[in-house]
S.K.: 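Before anything else, here's the structure in question.
When reading the values below, keep in mind they use all heavy atoms of this one structure, side chains included, and skip hydrogens, waters and symmetry mates. Here is how names work: the chains are called A, B, and so on, in the same order as the sequence lines, proteins then strands, and each is numbered from 1.
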There are 2 protein chains.
Amino acid sequence: MPTPTRPTRLTDLKRAAILEAAIDEFRSAGYEATSMDRIAARAEVSKRTVYNHFPSKEVLFIEIMHQLWEASREGEELVYRPDLPLRDQLLELVGHKMRLLHGEAFVSLARVAIAAAIHSPERAQAMVARMNEREEGLTVWLRAAAADGRLKIDDPVFAAHQLQGLVKTFAFWPQITLGQPPLRPRERKRVAESAVDMFLAWYA
Amino acid sequence: MPTPTRPTRLTDLKRAAILEAAIDEFRSAGYEATSMDRIAARAEVSKRTVYNHFPSKEVLFIEIMHQLWEASREGEELVYRPDLPLRDQLLELVGHKMRLLHGEAFVSLARVAIAAAIHSPERAQAMVARMNEREEGLTVWLRAAAADGRLKIDDPVFAAHQLQGLVKTFAFWPQITLGQPPLRPRERKRVAESAVDMFLAWYA
DNA sequence: AGGAAACTACACCGAGCAGTGTAATTTCTC
DNA sequence: GAGAAATTACACTGCTCGGTGTAGTTTCCT
């Protein structure tokens, strides 16, 4: 065997099964309505084993949030290129964002996180901060394009929110709050192009 | 006395106190995490009295949804006027929408409803339908303007969503999901004008 | 092979939950 | 002032939950 004896330890399989089951339960029922018994049953694991891996429901939940957060990274930044058309670059940026928005891990994270944030003002703030971090990419691109004189933008943060709003109203909020299916490729293309064109019509 | 003996019946006061307390609890804690005992305590009313007015938690919740829904109406429709500038009319429409979005009743409703919808696909659909009803106003206005030849819009529903997205990304979603404070008048003006200008730059 | 580590079934605890029944007290209405 | 209606305190049912303790079994590692 290539790898000695690592990958298939029982305890690791159990732990993975618990996490997978917990994600499913939390996502479909929310934090409050999910019980440790249900998680154990779904993972086909003793309830005691769940508590041997995770000392409490809260810790298990936080662990899942971390895991989904990391899983939804995978984002290399796009940098501003003075030599390429704005429209092409923006389409690339928006397309990249939409691919992230429709990732399984990201949707799971967002649904659970937003459901939790709605009723916990303290936790909400931390999530805001981190979510906004991830949206920085577009802002810096806009700032660079403005500094280069190719966009008439005085407030890149505001403008970035506008462009994101144009996209999220189709490709994020309906999926998160209403469980609607992700956009099909044709729809994604239309949303992206229409958003970028409208944006450039005003700011270019 | 002008009004004979109507307004201050004890049973009406109790009922009102229960509804008020229930709204507070549901809004801040969500449906699952709110208990009838807490509602009774907050309303300074016997738990039994709560059940004398409302046969179950579910019925009480639905009653509240109805009440908030009605309270957030107050919306007269704006009709398309061929003789007035598009920008003025759209600003009026958007301003009207933002006033609704920031109403106390509407925010309460939306927070509770969305929190409930996130984990209940069946209920979510009904809410979508009714929410979209209320967004019809802008769509018909756009359709009229397009038919009049003053806007180059082939899909008014899509375009209406875009304009709404431009507004909601500042004036709705942050308030609902993150509990952020409503926009100040200056910010509202800026969001509305910028959204309308960008919209018209592309579709006019 | 043998000891350590992990897993399991199961019983249990204390708490909170939605909802009910009742008998006594207060309030309304005429 | 009398009868009806509403409110109250309180006890109670049946259920679910998060979490623990235990004793026996299985799996891992050397």
S.K.: May I have all residue pairs that pass salt bridge (Lys or Arg N to Asp or Glu O under 4.0 Å) and include part of residues 158-185 of chain B, sequence neighbours excluded?
M.R.: B/Glu135-B/Lys168
S.K.: Given atom NZ of A/Lys14 and atom C1' of C/dA5, what is their separation to the nearest angstrom?
M.R.: 14 Å
S.K.: Does B/Lys57 make a cation-pi contact with B/Tyr31 (under 6.0 Å, within 45 degrees of the axis)?
M.R.: yes
S.K.: Give me the bend of the helix from C/dA1-D/dT30 to C/dC30-D/dG1, using the axes of the five pairs at each end, rounded to 10°.
M.R.: 30°
S.K.: Starting at the 5' end of nucleotides 17-28 of chain C, put B wherever the base has a protein heavy atom under 4.0 Å, S where only the sugar-phosphate does, and a dash everywhere else.
M.R.: SBBBBB----SS
S.K.: Is there a side-chain contact between B/His53 and the phosphate of D/dT7, meaning an N or O under 4.0 Å from OP1 or OP2?
M.R.: yes
S.K.: My understanding is that only residues two or more places apart in sequence, or in another chain, count here; which of them pass salt bridge (Lys or Arg N to Asp or Glu O under 4.0 Å) with A/Arg42?
M.R.: A/Asp24, A/Glu25
S.K.: Rounded to the nearest angstrom, tell me the gap between atom CD in B/Glu44 and atom C1' in D/dA9.
M.R.: 16 Å
S.K.: In chain order, what residues pass the salt bridge (Lys or Arg N to Asp or Glu O under 4.0 Å) check against A/Asp197, with sequence neighbours excluded?
M.R.: A/Arg87
S.K.: For A/Lys97, check salt bridge (Lys or Arg N to Asp or Glu O under 4.0 Å) against everything at least two apart and list the hits.
M.R.: none
S.K.: So, OP1 or OP2 of C/dT8: does either fall under 4.0 Å of a side-chain N or O from A/Thr49?
M.R.: yes
S.K.: Once you round to the nearest 0.5 Å, how far does CD1 of A/Ile64 lie from CD1 of A/Ile39?
M.R.: 6.5 Å
S.K.: Using the rule given for side-chain contact (heavy atoms from CB on, under 4.5 Å), can you reason through A/Ile114 versus B/Leu178, listing the C-alpha separation, both sets of side-chain angles and the distance that settles it, and then say yes or no?
M.R.: CA-CA 8 Å; A/Ile114 287 178; B/Leu178 303 172; over 6 Å; no
S.K.: Please report the closest heavy-atom contact between B/Trp173 and B/Thr177, naming both atoms and the distance.
M.R.: O-OG1, 2.7 Å
S.K.: To the nearest angstrom, how far is A/Asn52 atom CG from C/dA9 atom C1'?
M.R.: 13 Å
